[in-house]
Amino acid sequence: MIFGKLQRSVTGAAKTLRVWQVHRVRNITAYTGTSLTELPPNAAAFIKNSEEMCQPDKVHICDGSNVENRWLTEKLVAQGTLSPLKKYENCWLARTNPSDVARVESKTFICTENKDEAVVGSLGNWISPENMKTAINQRFPSCMKGRTMYVIPFSMGPVGSPLSKVGIEITDSPYVVESMRIMTRIGIDVVHQLQKNAEFVKCLHSVGRPENGIVEFPAWPCDPARTIILHKPDENFIASYGSGYGGNSLLGKKCFALRIGSTIAKREGWLAEHMLILGITNPQGEKIYVAAAFPSACGKTNLAMMTPTLPGYKIECVGDDIAWMRFDENGQLRAINPEYGFFGVAPGTSKETNPIAMQTIFKNTIFTNVASTSDGGVYWEGLEKEHSADVAITDWLGKPWTKGSSKTPAAHANSRFCTPATQCPIIDPAWEDPRGVPISAILFGGRRPKGIPLVYEARSWAHGVFIGASMRSESTAAAEHTKKVIMHDPFAMRPFFGYNFGKYLEHWLSMENRGKVPKIFHVNWFLKNKDGKFMWPGFGENSRVLDWVFRRVKGENCAKDSAIGFVPSEGALRTDGLDNLPESLDKLFDLPKDFWLQEVSEIEKYFETEIGNHLPNAVTKELTYLKERISKM
Ligand code: OXD
Ligand code: MN
């Protein structure tokens with residue numbers, strides 16, 4: 001027990017509550033939040049223990065109200081963290097310390113008794129319980145001195161849904177509170193839920209304080225040198241120190257919904273995945289839901305909000321980043337989006353690439369590390385056409401920036417918009433259905449400039465699991481990787497596994513025995529020709545691939561076998577109205593033998609070094625089968 005000593009000092013529910021109430025009356029001066037006197041004792045103890053360790057000046061328990069929202073925004077403006085974007089309704093710009101701009105995978109740890117339970121190879125970092133305790137003790141004591149400690153009760157998923165889970169995030173960053181308000185359901189309804197079921201994930205966050213006491217950017221305090229993100233699955237506990245940005249600090253997202261979420265899902269027999277969820281309606285009015293896993297910054301938000309070019313098709317968005325999926329009593333796999341907002345990558349988002357996002361993000365949104373304009377707006381790479389020459393641009397670092405002549409990007413490559421999902425004009429009518437939406441197909445994909453065809457279908461569930469395990473993709477700016485290299489990113493979960501990847505594969509394989517499993521596909525929008533040009537137009541034209549997926553789900557005979565799986569049969573992929581492909585369609589389905597021999601050998605090596613003897617037999621068999629098929633190509 002990380003909080004062992006403090007926990008023991010709180011004896012019994014009554015005392016815990018009394019101590020806590022007195023404390024609130026003593027400390028809250030500026031704004032009193034809600035009087036959450038009925039918090040269950042375990043929640044009150046978590047708050048109390050965190051307070052004793054972090055020594056904040058004040059404690060504020062968030063009620064999620066509009067008054068609270070205004071109060072916090074004013075505070076953030078006064079301290080220079082947010083500035084208003086006058087061009088839009090209730091939109092704000094934040095600039096971080098330039099050393100705090102992305103997820104820090106190298107400083108993210110899973111804590112278990114035995115290393116093998118958590119990670120193998122390079123799939124994440126392991127820390128022992130002892131060392132986790134030390135890491136906490138070296139950083140958290142007194143880290144909130146002079147600050148307010150905010151307590152955010154939040155729900156991942158619709159409040160009260162049997163698929164949802166509750167968390168309590170404690171943070172000293174009002175920016176985090178404001179972002180959590182957008183990204184999760186927070187406040188009083190969640191407290192009522194906690195009264196019914198006192199189970200919650202403990203999320204402790206501090207932006208920290210550098211050891212030398214010098215806060216370089218007072219508007220964005222952080223401690224990059226000592227940043228650490230710790231997860232203890234057996235206690236449902238997360239402790240994040242030193243960073244205020246994105247997945248490092250909005251603990252509901254990657255830390256809870258994926259890392260801790262995947263361990264809860266394993267225990268309870270469901271799946272917590274890095275997947276968007278979309279609904280697609282065909283011209284006949286039939287609808288299916290699809291979940292899709294792509295690594296960070298590979299177009300999940302664009303696909304989830306796609307405007308189809310194929311006439312008669314409609315896409316509706318359930319979520320753009322995370323899916324929690326479980327079989328219902330009829331054996332149907334159902335999914336919820338545990339989030340309440342979109343934390344999307346800004347650069348590249350435009351009227352051409354994602355018109356729906358552009359209709360979503362210009363109210364009630366926090367933009368972080370984008371460039372700003374002299375008329376009170378925002379700017380980033382991709383908005384060139386929408387920017388008029390008489391409007392001056394200031395880059396994400398606050399320096400003047402000129403289109404055409406400045407050498408550095410105006411917006412940071414991982415700059416983001418944080419915007420409420422309810423504002424999305426194509427949000428799915430069932431997106432908050434507590435039962436979740438039925439999933440008929442799962443797509444895996446990545447950025448692969450060579451060799452991987454536009455789309456192929458797995459032959460079986462086990463083959464699909466193998467495809468997920470072998471996913472690779474070009475690195476992006478979402479994390480601290482600097483070079484553009486092809487990285488293994490199994491299930492798009494490489495940075496987000498909460499437990500041993502071999503066991504994760506076993507868990508996925510076991511789904512087949514629990515209910516009706518969906519069809520699995522692999523897609524690649526990013527093939528390039530020898531001139532470096534994209535061979536597929538992507539975006540709305542991806543509806544052609546979804547059309548084929550839809551027809552396959554409906555059982556249409558429109559596929560043929562290939563060495564790697566089923567691909568569209570002759571003429572089955574609709575290309576009507578698509579006359580500007582830089583190469584013939586066949587090229588999008590090329591399977592170069594030398595490429596695939598190399599690919600399989602990479603996968604084999606990866607499985608050996610990263611999974612070793614945890615590799616399930618069913619996956620080994622799929623690898624052997626693929627090798628045989630390729631050698632005969
Ligand atoms: C994200 C990510 O922020 O995957 O969604 O990095
Ligand atoms: Mn993501």
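Whatever order the structure lists ligands and atoms in, that order sets their numbers, starting from 1. Along the sequence shown, residues are numbered consecutively beginning with 1.
- Per-residue contacts place S296 under 4.0 angstrom from the following atoms of ligand 1 (heavy atoms of the residue considered): 2 (C), 4 (O), 6 (O).
- Of all N/O/S atoms in D321, OD1 sits nearest the Mn ion (ligand 2).
- Short contacts between ligand 1 and D321, defined as distances under 4.0 Å to a heavy atom of the residue, involve ligand atoms 5 (O).
- Near K253, the atoms of ligand 1 lying under 4.0 angstrom from a non-hydrogen atom of the residue are 3 (O), 5 (O).
- In summary, E610 and R494 do not engage in a salt bridge, as defined by a charged side-chain N under 4.0 Å from a carboxylate O.
- Atom NZ of K519 is surrounded by more than 12 heavy atoms from other residues, nucleotides or ligands within 6.0 Å.
- Side chain of Y88 to backbone of I361: no donor-acceptor contact under 3.5 angstrom is found.
- Those atoms of ligand 1 with a heavy atom of R103 less than 4.0 angstrom away are 2 (C), 4 (O), 6 (O).
- Between S415 and N369, the side chains place no donor N or O within less than 3.5 Å of an acceptor N or O (distance only, hydrogens not considered).
- For the pair E169 (side chain) and L251 (backbone), a donor-acceptor distance under 3.5 Å is present.
- Put simply, A492 stays out of reach of the Mn ion (ligand 2), with no N, O or S atom under 2.8 Å from it.
- In summary, E235 and K202 do not engage in a salt bridge, as defined by a charged side-chain N under 4.0 Å from a carboxylate O.
- Taking 4.0 Å as the cut-off, K254 counts as a neighbour of ligand 1 on heavy-atom distance.
- Atoms of ligand 1 found under 4.0 Å from any heavy atom of H274 (numbered from 1 in listed order, with element): 4 (O).
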